[in-house]
Amino acid sequence: MSTRRCLLLGVPAALFALITWQVVAHGPLLRLDSRLSRALVHPDGFGQFLSDLGDVQVAVPVLAAAVVLALRRGRAAGAHRWWLPPAAAAVLMALVPAIVVPLKDWTARPATPVEPPAVGYFPSGHTATAAVAYGSATLLLLSWLRSTAARRGLVAGCAAVVLGVSYGLVRHGYHWPLDVVASWCLCTVLLTALSLVPGVGRSTRRSARGTPRPDGDEVDAVGDEADDRGGVPSGS
């Protein structure tokens, strides 16, 4: 595992633990969170529209379409274990409520003042749904995009949608800012774990035998050169 991926797993996990501890212990971060919420809350139609993009009825069908496309493309191309990336993305999406709901019950964080009195707002389920659904769809589609501009555009679009959902939730008062930030941290860990699945997030290209294969790291490139020469790379 690369250093970058280790950081993407460790740092967000530590931040999530810190925020969760502050919520449970009613620490000083909650006072700052409350002041920030008061400054940002202004319910309007645009905030409502953005927050709705995190609804299960909107985000999950987008992921389902990406899963179906990845299955069809992978099978048609004869890719190795073509079913694994879309299956992993589907399982990850199913894990979101299994992780978020118990955390909501345990932390029992009250709603913002503009919402009816209730508990169970931490972490933000809409943010988690949006981040995992759109993020997983992006990772699946990246496997089939060969243009650097297209790949960057897709990632930027995904980030814009997730940030838009997050902004809408806070702007409309559906969630405290820390609820949203905690979901960012949690989903960064989940999506990084998904990226470790072979074939996820790597562009496809054709080998000398004409079979699509995922691009890998430097070691994979060395292996490809050895294959072209008819040899076997060391460490295989």
Side-chain angles (χ1 to χ4, degrees), residues 1-21 59 62-63 66-67 70-71 73-74 79-100 103 123-124 127-163 165-166 180-205 207 212-226 233-236:
M1 188 187 302
S2 67
T3 302
R4 179 172 62 88
R5 283 177 173 167
C6 288
L7 290 174
L8 286 174
L9 288 171
V11 174
L15 287 174
F16 179 78
L18 172 63
I19 296 171
T20 303
W21 166 58
V62 172
L63 174 59
V67 165
L71 284 170
R73 291 289 300 271
H80 179 58
R81 289 190 292 185
W82 51 270
W83 50 268
L84 182 57
V91 169
L92 185 67
M93 190 71 248
L95 284 176
V96 169
I99 296 172
V100 170
L103 284 170
S124 166
T127 304
T129 297
V132 171
Y134 298 126
S136 298
T138 296
L139 288 173
L140 291 178
L141 296 178
L142 283 177
S143 302
W144 301 101
L145 294 179
R146 304 181 68 179
S147 165
T148 300
R151 289 166 64 85
R152 288 177 177 172
L154 180 62
V155 172
C158 173
V161 172
V162 174
L163 288 175
V165 171
S166 304
V180 170
V181 174
S183 283
W184 289 351
C185 295
L186 176 62
C187 293
T188 299
V189 174
L190 295 177
L191 290 174
T192 301
L194 178 62
S195 73
L196 297 175
V197 175
V200 173
R202 297 174 178 85
S203 63
T204 58
R205 58 189 173 87
S207 67
R213 60 196 302 174
D215 282 337
D217 296 325
E218 184 177 354
V219 174
D220 297 326
V222 173
D224 291 340
E225 293 175 2
S234 60
S236 296

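One-based numbering along the sequence shown. No hydrogens, no waters, no symmetry mates; every other heavy atom, side chains included, goes into these values. Values in this document were obtained by computation on a predicted structure and should not be read as measured data.
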Subject >> Residue pair A131 / V162: nearest heavy atoms and the distance that separates them >> reply: CA-CG2, 3.9 Å
Subject >> Shortest non-hydrogen separation from V189 to P12 and the atoms involved >> reply: CG2-CB, 3.9 Å
Subject >> Atom pair CG (L139) and CG (L63), whose distance is rounded to the nearest 0.5 Å >> reply: 10.5 Å
Original post:
Quick one: side chain to side chain contact (heavy atoms under 4.5 Å, CB included) partners of P86, sequence neighbours excluded?
Top reply: V67, A70, L71, L140
Original post:
When rounded to the nearest 0.5 angstrom, what distance separates CG in L190 from CG in L9?
Top reply: 9.5 Å
Subject >> Pairwise side-chain contact, L191 with L92, heavy-atom cut-off 4.5 Å (strictly under) >> reply: yes
Subject >> Contacts of T127 that satisfy side-chain hydrogen bond (donor to acceptor under 3.5 Å, both in side chains) - sequence neighbours left out >> reply: S124
**OP:** Only counting residues at least two apart or in another chain, list the ones meeting side chain to side chain contact (heavy atoms under 4.5 Å, CB included) with L8.
**Re:** R4, T188, T192
Subject >> Closest approach of L142 to R151 (non-hydrogen atoms, all atoms of both residues) >> reply: O-NH1, 2.5 Å
**OP:** Would you check, one step at a time, whether the test side chain to side chain contact (heavy atoms under 4.5 Å, CB included) holds for T129 with V165?
**Re:** CA-CA 10 Å; T129 297; V165 171; over 6 Å; no
Subject >> Atom pair OG (S195) and CZ (R5), whose distance is rounded to the nearest 0.5 Å >> reply: 4.0 Å
**OP:** Check side chain to side chain contact (heavy atoms under 4.5 Å, CB included) between A182 and all other residues, then give those that pass, not counting sequence neighbours.
**Re:** F16, I19, F122, P123
Original post:
Looking at residues at least two apart in the chain, or sitting in another chain, which of them share a side-chain hydrogen bond (donor to acceptor under 3.5 Å, both in side chains) with S166?
Top reply: W184
Subject >> Residue list, side chain to side chain contact (heavy atoms under 4.5 Å, CB included) with V11, at least two apart or on another chain >> reply: L7, L15
Subject >> Where A89 and L194 come nearest, the two heavy atoms and their spacing >> reply: N-CD1, 3.8 Å
Original post:
Rounded to the nearest 0.5 Å, what separation is found between the OG atom of S147 and the CG atom of L154?
Top reply: 11.0 Å
Subject >> Side chain proximity check, R81 to P198, heavy atoms < 4.5 angstrom >> reply: yes
